[in-house]
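Everything on this sheet refers to the single structure shown next.
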Amino acid sequence: MGEGEKFQLGTVGALSLSVVSSVSIVICNKTLMSTLRFIFATTLTSWHLFVTFCSLHVALKLRFFEHKPLEKKVVMGFGILNGISIGLLNLSLGFNSVGFYQMTKLAIIPCTILLEILFLGKKFSKRIQFSLVILLLGVGIATITDLQLNVLGAFLSFLAILTTCVAQIMTNTIQKKFKTSSTQLLYQSCPYQAVTLLIFGPYLDKCLTNLNVFSFKYTTLITTVIILSCLISIAVNFSTFLVIGKTSPVTYQVLGHLKTCLVLAFGYIIVHDPFTWRNILGIMVAMIGMIVYSYYCVLETQQKIVEVVGQVSQARDNETETLISVENTSAILNKRPPIWNKDKD
């Protein structure tokens, strides 16, 4: 199996793990929050990150991966930014309607593209842009029901979009710049994310729910579901870094909207959530957008591979021609008759 095939297989595995783990944790957390009334989302996320760090520390001790030192300032800033973006997304949901929150999530893709074009010089073809428009249109039809706007909520949404985009772009650039794996980056940034949310999480949850997470009555069932959620989060956090590292922040966001559609479908099938023809139409349009996006991504990747192979082949041909030219010149010089010195004769 060639390197290209191994990379494609790894990418498919990362995408599959991300979808399965994310849909699983949404169903688990929905049970925890809707049925069991544990509604402290930010604090729960901090526990997720803490458990993820502990599991990675055990994996490091068992030598499942190697520790690679990174610049402390970079990792610290990256981890804190990730924690802040999670908190801002939860605040955005708390201070906005569900429809406006969905608009916030949809805005992450165009914002990410804009930032990558402006600061990284990345180019997106019109075909990719067209497929993303179809995708966003479909998800918008399926999820946006109301758009109640308020100044504080809009400001929080703007900050949430900005920090999320920058954090996801950093996830990709740090892995490529420092040649580090997703596991190594996650292991080193997790403590900073967890501490940030452990400090601010209970306060944010109290602002949003008027309840104290520490005075909540924890039954055996609630504790069991929390532990299950934390265990699933290990796969969620790992696959997030893996997908962004292997693909791009935009592809990760596209995958996120696929998860949204799957969650809507599972919600209807499993817990019989209200489902309308508008939801069905939106999911179908979104799926078409995802298929078109995936097709064009694969097509453009193959074109880039052909171009790289062609450039390498041309470089080798030029080197060969140069070598042959040198050898022919040497042969001509060797065949010339010797020049005798008349004085010596």
Side-chain angles (χ1 to χ4, degrees), residues 17-58 79-96 98 101-102 104-105 156-157 159-160 163-164 167-168 171 186-187 189-241 252 256 259-260 262-263 266-267 270-271 273:
L17 177 63
S18 181
V19 170
V20 172
S21 61
S22 295
V23 172
S24 300
I25 203 168
V26 166
I27 294 171
C28 182
N29 289 348
K30 189 167 185 178
T31 302
L32 189 61
M33 294 181 183
S34 300
T35 307
L36 302 177
R37 300 299 175 187
F38 183 87
I39 52 177
F40 309 101
T42 312
T43 305
L44 179 63
T45 305
S46 69
W47 296 346
H48 287 170
L49 291 164
F50 179 73
V51 171
T52 300
F53 172 72
C54 292
S55 64
L56 288 175
H57 189 68
V58 172
I80 293 172
L81 182 65
N82 258 311
I84 291 171
S85 71
I86 294 169
L88 285 170
L89 281 170
N90 288 339
L91 280 173
S92 174
L93 178 58
F95 284 89
N96 290 303
V98 175
Y101 174 71
Q102 289 297 338
T104 299
K105 291 175 69 178
L156 289 171
S157 292
L159 292 179
T163 52
T164 301
Q168 291 183 359
T171 304
L186 179 61
Y187 173 70
S189 63
C190 240
Y192 300 108
Q193 295 182 59
V195 169
T196 302
L197 291 177
L198 280 169
I199 293 171
F200 296 105
Y203 175 74
L204 292 180
D205 286 333
K206 191 171 183 179
C207 288
L208 295 172
T209 64
N210 292 321
L211 297 172
N212 191 334
V213 66
F214 300 111
S215 61
F216 185 79
K217 186 178 180 180
Y218 293 88
T219 64
T220 304
L221 178 60
I222 291 173
T223 305
T224 302
V225 178
I226 289 174
I227 293 171
L228 178 61
S229 177
C230 289
L231 292 175
I232 298 173
S233 74
I234 298 171
V236 173
N237 291 322
F238 174 70
S239 63
T240 297
F241 280 61
Y252 175 72
K259 298 170 194 174
T260 301
L262 290 175
V263 168
F266 278 119
I270 297 174
V271 296
D273 283 343

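Counting from 1, the numbers follow the sequence of the chain as shown.
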Rounded to the nearest 0.5 Å, what separates atom [atom1] in [X] from atom [atom2] in [Y]?
X      : Y      : atom1 : atom2 : answer
Ile226 : Ser233 : CD1   : OG    : 12.0 Å
Ile86  : Leu49  : CD1   : CG    : 5.5 Å
Ile84  : Asn82  : CD1   : CG    : 9.5 Å
Thr52  : His57  : OG1   : NE2   : 14.5 Å
Ile25  : Cys230 : CD1   : SG    : 8.0 Å

Ignoring hydrogens and angles, tell me if any N or O in the side chain of [X] forms a donor-acceptor pair with the backbone of [Y] under 3.5 Å.
X      : Y      : value
Ser34  : Thr31  : no
Ser92  : Leu88  : no
Ser229 : Val225 : no
Ser21  : Ser18  : yes

To check you understand the geometry: which heavy-atom pair defines the closest contact between [X] and [Y], and what is its length?
X      : Y      : answer
Ile199 : Pro202 : O-CD, 4.1 Å
Val20  : Ser24  : O-OG, 2.7 Å
Phe241 : Leu186 : CE1-CD1, 3.5 Å
Gly87  : Leu197 : N-CD2, 4.2 Å
Gly94  : Leu208 : CA-CD2, 3.6 Å

Note to self: I'd like to know if the side chain of Asn96 pairs up with that of Ser157 as donor and acceptor (distance under 3.5 Å, no hydrogens or angles considered).
What the structure shows: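 There is such a pair between these side chains.
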Checklist line | Residues Ile222, Phe216; criterion side-chain contact (heavy atoms from CB on, under 4.5 Å); working and verdict | finding: CA-CA 11 Å; Ile222 291 173; Phe216 185 79; 3.7 Å; yes
Check: What orientation do Tyr218 and Trp47 show, parallel under 30°, tilted 30 to 60°, or perpendicular over 60°?
Finding: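 Plane angle between 30° and 60°, so tilted.
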Does the side chain of [Y] come within less than 4.5 Å of [X]'s, by heavy atoms?
X      : Y      : answer
His48  : Val236 : no
Ser55  : Phe238 : no
Thr240 : Thr171 : no
Asn29  : Phe38  : no

Next item on the list: Going by the side chain to side chain donor-acceptor pair (under 3.5 Å) test, name the single residue among Asp205, Thr43, Thr42 that passes it with Asn90.
Entry: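 For Asn90, the side chain to side chain donor-acceptor pair (under 3.5 Å) check succeeds only for Thr42.
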Checklist line | Derivation of the side-chain contact (heavy atoms from CB on, under 4.5 Å) call for Asn237 and Gln193 | finding: CA-CA 11 Å; Asn237 291 322; Gln193 295 182 59; over 6 Å; no
Item checked: Within 6.0 angstrom of Phe50 CZ, more than 12 heavy atoms from elsewhere ->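 Open.
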